[in-house]
Amino acid sequence: MKSEESQFPEKKPQRKTIPPYMKAISGSLGGIVEACCLQPIDVIKTRLQLDRSGNYRGIIHCGTTITRSEGVRALWKGLTPFATHLTLKYTLRMGSNAMFQSAFKDSESGKISNKGRLLSGFGAGVLEALAIVTPFEVVKIRLQQQRGLSPELLKYKGPVHCARLIIREEGILGLWAGAAPTVMRNGTNQAAMFTAKNAFDVLLWKKHEGDGKVLQPWQSMISGFLAGTAGPVCTGPFDVVKTRLMAQTREGGALKYKGMIHAIRTIYAEEGLLALWKGLLPRLMRIPPGQAIMWAVADQVTGFYEGRYLRGAPFSQSSLPLHFLAAIFFERSFS
């Protein structure tokens with residue numbers, strides 16, 4: 001006769017994991033740092049994508065032209081909506097991705113398949129595109145496309161004024177212009193990014209999620225940089241179309257672009273195939289470094305939480321500055 005223990009084997013307790021809200025906090029802190037560092041590249045990218053007459057002859061020429069004609073501060077045009085939208089976007093992205101991954105994890109082993117990781121990333125990208133990215137980017141692009149030094153000559157005086165004017169002239173849905181290509185761009189980007197980041201962590205550093213190992217900031221930056229390179233190449237046309245749809249207004253009659261498919265066809269017919277990848281180089285200059293910065297901060301914050309609250313693991317001396325900042329944050333938040 002089998003013993004009671006053999007009939008009802010004791011289940012192994014599931015390994016503690018970092019909660020979604022902590023992933024969300026790590027993403028928000030990473031977003032703030034990224035926005036402040038990389039806003040000029042985003043301004044240059046937007047100007048190049050909106051340049052139909054060939055005023056700018058490349059990234060450097062565009063940057064110097066903006067600085068010479070509008071001042072250095074023009075390179076940080078739209079920083080307020082950009083920083084706010086990045087912070088909210090990363091908060092939602094990291095938190096929702098963690099929640100989706102929890103739903104796709106195997107109930108017994110606690111592991112997630114590559115398919116589950118892709119779907120989790122895609123779902124997080126779609127959610128952030130609809131809830132945060134589209135309205136904030138509409139305001140940001142409208143502000144960035146304005147040229148001139150004198151404030152009285154500018155149509156939009158600031159982010160709030162811009163949003164109000166769009167709603168008044170185009171309706172509330174005007175803030176969601178270009179939603180379809182934004183959803184496709186962000187969904188594809190995040191599906192690839194989260195899967196690639198995990199793959200590079202395992203391949204390069206033998207780091208598995210929840211194993212208690214905290215990557216050095218430079219290791220997180222390398223993984224994040226590599227994970228952020230594939231998305232811009234694959235989603236270039238969606239990004240160009242998104243920018244064109246968001247930038248157009250109803251001034252002077254009907255809208256030039258009727259929707260995502262019509263915009264792709266029109267751009268291809270009028271400007272050629274390569275026009276659908278306009279601004280690719282500045283995107284590659286902005287997104288991979290942005291992911292490197294964001295993951296360097298996020299991994300340190302989650303690593304500190306995991307080491308202090310889940311495992312009591314020590315941390316490396318080279319990560320002291322970031323861990324010190326994380327310690328201050330946690331002491332104030334959870335004490």
- Please confirm whether the backbone N or O of Ile112 pairs with a side-chain atom of Gln101, one donor and one acceptor, at under 3.5 Å? no
- Spacing of Leu175 atom CG and Cys162 atom SG [to the nearest 0.5 Å]: 8.0 Å
- Cluster check Ile59, Val240: I/L/V/M/F/W/Y, side chain < 4.5 angstrom: no
- Query: Other than Ile287, what residues sit in its cluster of Ile, Leu, Val, Met, Phe, Trp and Tyr side chains whose heavy atoms are under 4.5 Å apart, directly or through others?
  - Reply: none
- Task: Report yes if some heavy atom in the side chain of Thr65 is under 4.5 Å from a heavy atom in the side chain of Asn55; otherwise report no.
- Result: no
- With side chains defined as the heavy atoms from C-beta onward, is the minimum distance between His262 and Thr266 less than 4.5 Å? yes
- What are the two closest non-hydrogen atoms of Ile172 and Ile167, and how far apart are they? CD1-CD1, 3.9 Å
- Query: What's the spacing between Ile293 CD1 and Ile32 CD1 if we round to 0.5 Å?
  - Reply: 13.5 Å
- Query: Do NZ/NE/NH1/NH2 and the carboxylate oxygens of Lys197 and Asp299 come within less than 4.0 Å?
  - Reply: yes
- Query: Hey, is the main chain of Arg185 close enough, under 3.5 Å, to the side chain of Lys242 for a donor-acceptor pair?
  - Reply: no
- Would you say the side-chain atoms of Gln300 pair up with the backbone N or O of Leu215, donor to acceptor, closer than 3.5 Å? yes
- Side chains of Ser223 and Trp205: is there a donor and an acceptor less than 3.5 Å apart? yes
- Donor-acceptor contact present, side-chain Glu128 to main-chain Asn186, <3.5 Å: no
- Message: I'd like to know if Leu255 and Tyr257 are part of one continuous hydrophobic network [Ile/Leu/Val/Met/Phe/Trp/Tyr, side-chain heavy atoms within less than 4.5 Å].
- Response: no
- Item | N/O donor-acceptor pair under 3.5 Å between Gln145 side chain and Ala247 backbone | yes
- Is a side-chain donor or acceptor of Trp277 paired with a backbone partner of Val233 at a separation under 3.5 angstrom? yes
- With a cut-off of 6.0 Å (strictly less than), are more than 12 heavy atoms of other residues, nucleotides or ligands near CG of Leu274? no
- Rounded to the nearest 0.5 Å, how far apart are CE of Met221 and CE of Met294? 11.5 Å
- Message: Show, in sequence, the C-alpha distance, side-chain angles and deciding distance for Leu50 and Gln144, and conclude whether the side-chain contact (heavy atoms from CB on, under 4.5 Å) test is met.
- Response: CA-CA 10 Å; Leu50 295 174; Gln144 288 179 350; over 6 Å; no
- Query: Tell me, do Asp51 and Ser53 make a side-chain contact under 4.5 Å, heavy atoms counted?
  - Reply: yes
- Which atom of Met94 lies closest to which atom of Ser26, heavy atoms considered: CE-OG, 4.1 Å
- Kindly compute the distance separating CD1 (Ile141) from OG1 (Thr46), expressed to the nearest 0.5 Å. 5.5 Å
- If you group Ile, Leu, Val, Met, Phe, Trp and Tyr by side-chain heavy-atom gaps below 4.5 Å, do Ile261 and Ile267 land in one group? yes
- Note on the structure: Of all heavy-atom pairs linking Leu86 and Gly31, the shortest is CD1-O, 3.8 Å
- Please report the closest heavy-atom contact between Leu245 and Pro181, naming both atoms and the distance. CD1-CG, 3.9 Å
- Item | Heavy-atom pair with the smallest gap, counting every atom of Leu79 and Ala35 | CD1-O, 3.9 Å
- Item | Beyond-backbone contact of Ile18 with Lys23, side-chain heavy atoms, under 4.5 angstrom | yes
- Taking only Lys NZ, Arg NE, NH1 and NH2, and the carboxylate oxygens of Asp or Glu, determine whether Lys89 and Glu137 approach each other closer than 4.0 Å. no
- Are the side chain of Lys77 and the backbone of Gln146 linked by a donor-acceptor contact shorter than 3.5 Å? yes
- Message: For the backbone of Phe194 and the side chain of Arg117, can you confirm whether one donor and one acceptor N or O come within less than 3.5 Å of each other?
- Response: no
- Measure the shortest side-chain to side-chain distance between Val202 and His208 over non-hydrogen atoms and say whether it is less than 4.5 angstrom. yes
- Who else is in the cluster with Leu127 when I, L, V, M, F, W and Y are joined by side-chain contacts under 4.5 Å? Leu88, Leu92, Ile132, Phe136
- Task: Search all heavy atoms of Val138 against all heavy atoms of Ala177 and return the closest pair with its distance.
- Result: CG2-O, 3.7 Å
- Do Ile66 and Leu281 belong to the same hydrophobic cluster, where Ile, Leu, Val, Met, Phe, Trp and Tyr are linked whenever their side-chain heavy atoms lie under 4.5 Å apart, directly or via other members? yes
- Just one of Lys278, Arg244, Gln49 clears the side chain to side chain donor-acceptor pair (under 3.5 Å) bar with Asp239, so which one? Gln49
- Would you give the length of the straight line joining atom CD of Glu270 to atom NZ of Lys256, rounded to the nearest 0.5 angstrom? 4.0 Å
- Message: Less than 4.5 Å apart, side chain to side chain, heavy atoms only: is that true for Lys140 and Leu143?
- Response: no
- Does Leu173 share a hydrophobic cluster with Ile166, counting links as ILVMFWY side-chain heavy atoms below 4.5 Å and allowing steps through other members? yes
- Just wondering, do Phe225 and Pro288 contact through their side chains at under 4.5 Å, heavy atoms? yes
- Query: Charged N to carboxylate O below 4.0 Å: is that the case for Glu169 and Arg142?
  - Reply: no
- Would a distance-only check, ignoring hydrogens and angles, find a side-chain to backbone donor-acceptor pair under 3.5 Å from Thr134 to Ala129? yes
- Query: Backbone N or O of Gly123 within a donor-acceptor pair of the Gln190 side chain at under 3.5 Å?
  - Reply: no
- Note on the structure: Under a side-chain separation threshold of 4.5 Å, the hydrophobic residues clustered together with Phe122 are Val126, Leu130, Val183
- Message: Is the shortest side-chain heavy-atom distance between Asn198 and Thr195 below 4.5 Å?
- Response: no
- Query: What's the spacing between Ile41 CD1 and Arg286 CZ if we round to 0.5 Å?
  - Reply: 8.5 Å
